[in-house]
Trainee: 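First, the structure itself, so that you have it in front of you.
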There are 2 protein chains.
Amino acid sequence: MAREASTDDVPWLTPAQLEEWVALATLITTLPSALDAQLKRDAGLNSFEYHVLVRLSDSPHGVVPMSDLAVMAQGSPSRLSHAVTRLERAGYVERMACKEADRRTAAVLTEAGRKKLEEAAPGHVREVRRLVVDVLTPEQLAALGDAARVIVKMTAPEVADVIFSRKRPG
Amino acid sequence: MAREASTDDVPWLTPAQLEEWVALATLITTLPSALDAQLKRDAGLNSFEYHVLVRLSDSPHGVVPMSDLAVMAQGSPSRLSHAVTRLERAGYVERMACKEADRRTAAVLTEAGRKKLEEAAPGHVREVRRLVVDVLTPEQLAALGDAARVIVKMTAPEVADVIFSRKRPG
DNA sequence: GCGTTTGATTTGAACATTCAAGTCCATGTT
DNA sequence: AACATGGACTTGAATGTTCAAATCAAACGC
């Protein structure tokens, strides 16, 4: 491996950069599986399915067109379609036609789905607290968030625009 | 450590906390797939397979017992076994018995494997730079790393001990 | 010595995700 | 009117991951 540390051509990281990157790399592999595990264990849902339910419940009447929902939940149309099929089979969601004129399909949260989410949410949030929010100082958490927003602007610009819509004043 | 009003009973996040968490949640879903995509596209490997090769190449003779390798690469024994089977099929790795007395199986990096890695690494590092290292100030990167280390201590204590062996003084 | 337990690894089936078609239908085009 | 075009999903097959069971050999207990 090249051990140079120049800017553009030779791409290696400095020891300091490498150390931070290893920390982040470990974070992005272990945190998702920890959260997945909790949800799976306590609610029988995976993170994506949970996220789909959350997005639905955040919407006016729990009704969202598939294509919009896919963007919100940050998954491909296909992934969403499969997930909605599973959620439908479980009775948490239904498919229906959008309003007239809009001939897309929409997913709707059922009562059972809303209940399921209300049941699952506290445990999930508790886990987020336990693993992330409660172990960092407010300053650390803010710095983490800032860095995350900058990175997401690179990894998924469209998502960044949608998700971080409410920018803080600065 | 942050000590917000409640620790166990009332689990919801404050708006500020929620905002930072959403940013992080988006990071941990989009960054892995961005990196996966680059590796898959340019080298035909997924992140885990790549990571396995890296860990092997970092080791004395490219030889590591399966169980140790699983910990280093942060995957289950089963996941590693399947991955090594694929890498073996591709000619990048071989299985062999450990030294006498130790009756475990070890994975060994082949010449082809080492070459593959040397070929794949620059593109991967370039992507890490492009998405993460080069878009943050050194201070931001350091803060991100610090927060990541704290979180990883929660999500995977054993891994934290192994990976962050060389702690900085302060 | 013989049967059991334990640790390390592998295997196979179930499930999730991706990827590349396939379907359906409305809207242009000629 | 007939036909291609494009959007919005859905589907099925291929691939990867998980989970539980199977293997296999050394170590232990009696």
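These numbers come from the heavy atoms of this one structure, side chains and all, not from hydrogens, waters or symmetry mates. Chain A is the first sequence line, chain B the second, and so forth, proteins listed ahead of strands; every chain is numbered from 1.
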Trainee: Tell me every residue that passes side chain to side chain donor-acceptor pair (under 3.5 Å) with A/Thr26, counting only those two or more places apart in sequence or in another chain.
Mentor: none
Trainee: Yes or no on salt bridge (charged side-chain N to carboxylate O under 4.0 Å, His left out) for B/Arg114 and B/Glu119, after CA distance, side-chain angles and deciding distance?
Mentor: CA-CA 9 Å; B/Arg114 197 173 293 278; B/Glu119 208 174 287; over 6 Å; no
Trainee: According to the side-chain hydrogen bond (donor to acceptor under 3.5 Å, both in side chains) rule, which pairs have a member within residues 53-62 of chain A, sequence neighbours left out?
Mentor: A/His51-A/Arg55
Trainee: If a pair satisfies salt bridge (charged side-chain N to carboxylate O under 4.0 Å, His left out) and one of its residues is in residues 63-74 of chain A, list it, with sequence neighbours excluded.
Mentor: A/Asp68-A/Arg104
Trainee: Apart from B/Val108 itself, what residues make up its hydrophobic cluster when side-chain heavy atoms of I, L, V, M, F, W and Y under 4.5 Å apart count as a link, directly or indirectly?
Mentor: B/Val63, B/Met96
Trainee: Tell me which residues in residues 81-95 of chain B put a heavy atom below 4.0 Å from DNA chain C, sorted by number, or none.
Mentor: B/Ser81, B/His82, B/Arg95
Trainee: Using a 4.0 Å cut-off to any heavy atom of chain B, which nucleotides of DNA chain C are the first and last in contact, reading 5' to 3'?
Mentor: C/dA8 to C/dG12
Trainee: Do the side chains of B/Val22 and A/Leu27 join up, straight or via other hydrophobic residues, at under 4.5 Å, putting them in one cluster?
Mentor: yes
Trainee: Residues in ring-ring contact (aromatic ring centres under 6.0 Å, His included) with A/His124, at least two apart?
Mentor: A/Tyr50
Trainee: Would B/Trp21 end up clustered with A/Leu39 when hydrophobic side chains under 4.5 Å apart are linked, directly or stepwise?
Mentor: no
Trainee: Got a second to check how far B/Met72's CE is from B/Ser67's OG, nearest 0.5 Å?
Mentor: 9.5 Å
Trainee: Is any side-chain heavy atom of B/Leu24 closer than 4.5 Å to a side-chain heavy atom of A/Leu141?
Mentor: no
Trainee: Which pairs with one or both residues in residues 75-85 of chain B pass salt bridge (charged side-chain N to carboxylate O under 4.0 Å, His left out), sequence neighbours excluded?
Mentor: none
Trainee: At under 4.0 Å between heavy atoms, how does the protein contact nucleotides 3-8 of chain D? Give one character per nucleotide, 5' to 3', with B, S or -.
Mentor: -----S
Trainee: When you compare the protein's N or O atoms with those of nucleotides 20-22 of chain D, which come within less than 3.5 Å of each other, and at what distance?
Mentor:
none

Trainee: If you look only at distance, which donor and acceptor atoms sit under 3.5 Å apart when one is on a side chain in residues 42-49 of chain B and the other is two or more places apart or in another chain?
Mentor:
| from | atom 1 | to | atom 2 | distance (Å) |
| --- | --- | --- | --- | --- |
| B/Asp42 | OD2 | B/Gln38 | NE2 | 2.9 |
| B/Asn46 | OD1 | B/Phe48 | N | 3.1 |
| B/Asn46 | OD1 | B/Glu49 | N | 2.8 |
| B/Ser47 | OG | B/Asp36 | OD1 | 2.3 |
| B/Glu49 | OE1 | B/Asn46 | N | 3.0 |
| B/Glu49 | OE2 | B/Arg86 | NE | 2.6 |
| B/Glu49 | OE2 | B/Arg86 | NH2 | 3.2 |

Trainee: Is A/Leu87 reachable from A/Val71 through a run of I, L, V, M, F, W or Y residues, each pair having side-chain heavy atoms under 4.5 Å apart?
Mentor: no
Trainee: What residues in residues 22-56 of chain B put a non-hydrogen atom under 4.0 Å from any atom of DNA chain D?
Mentor: B/Lys40, B/Asn46
Trainee: With hydrophobic residues grouped by side-chain heavy-atom distances under 4.5 Å, do A/Val150 and B/Leu35 end up in a single group?
Mentor: yes
Trainee: Under a 4.5 Å side-chain heavy-atom rule over Ile, Leu, Val, Met, Phe, Trp and Tyr, are A/Val54 and B/Leu13 clustered together?
Mentor: no
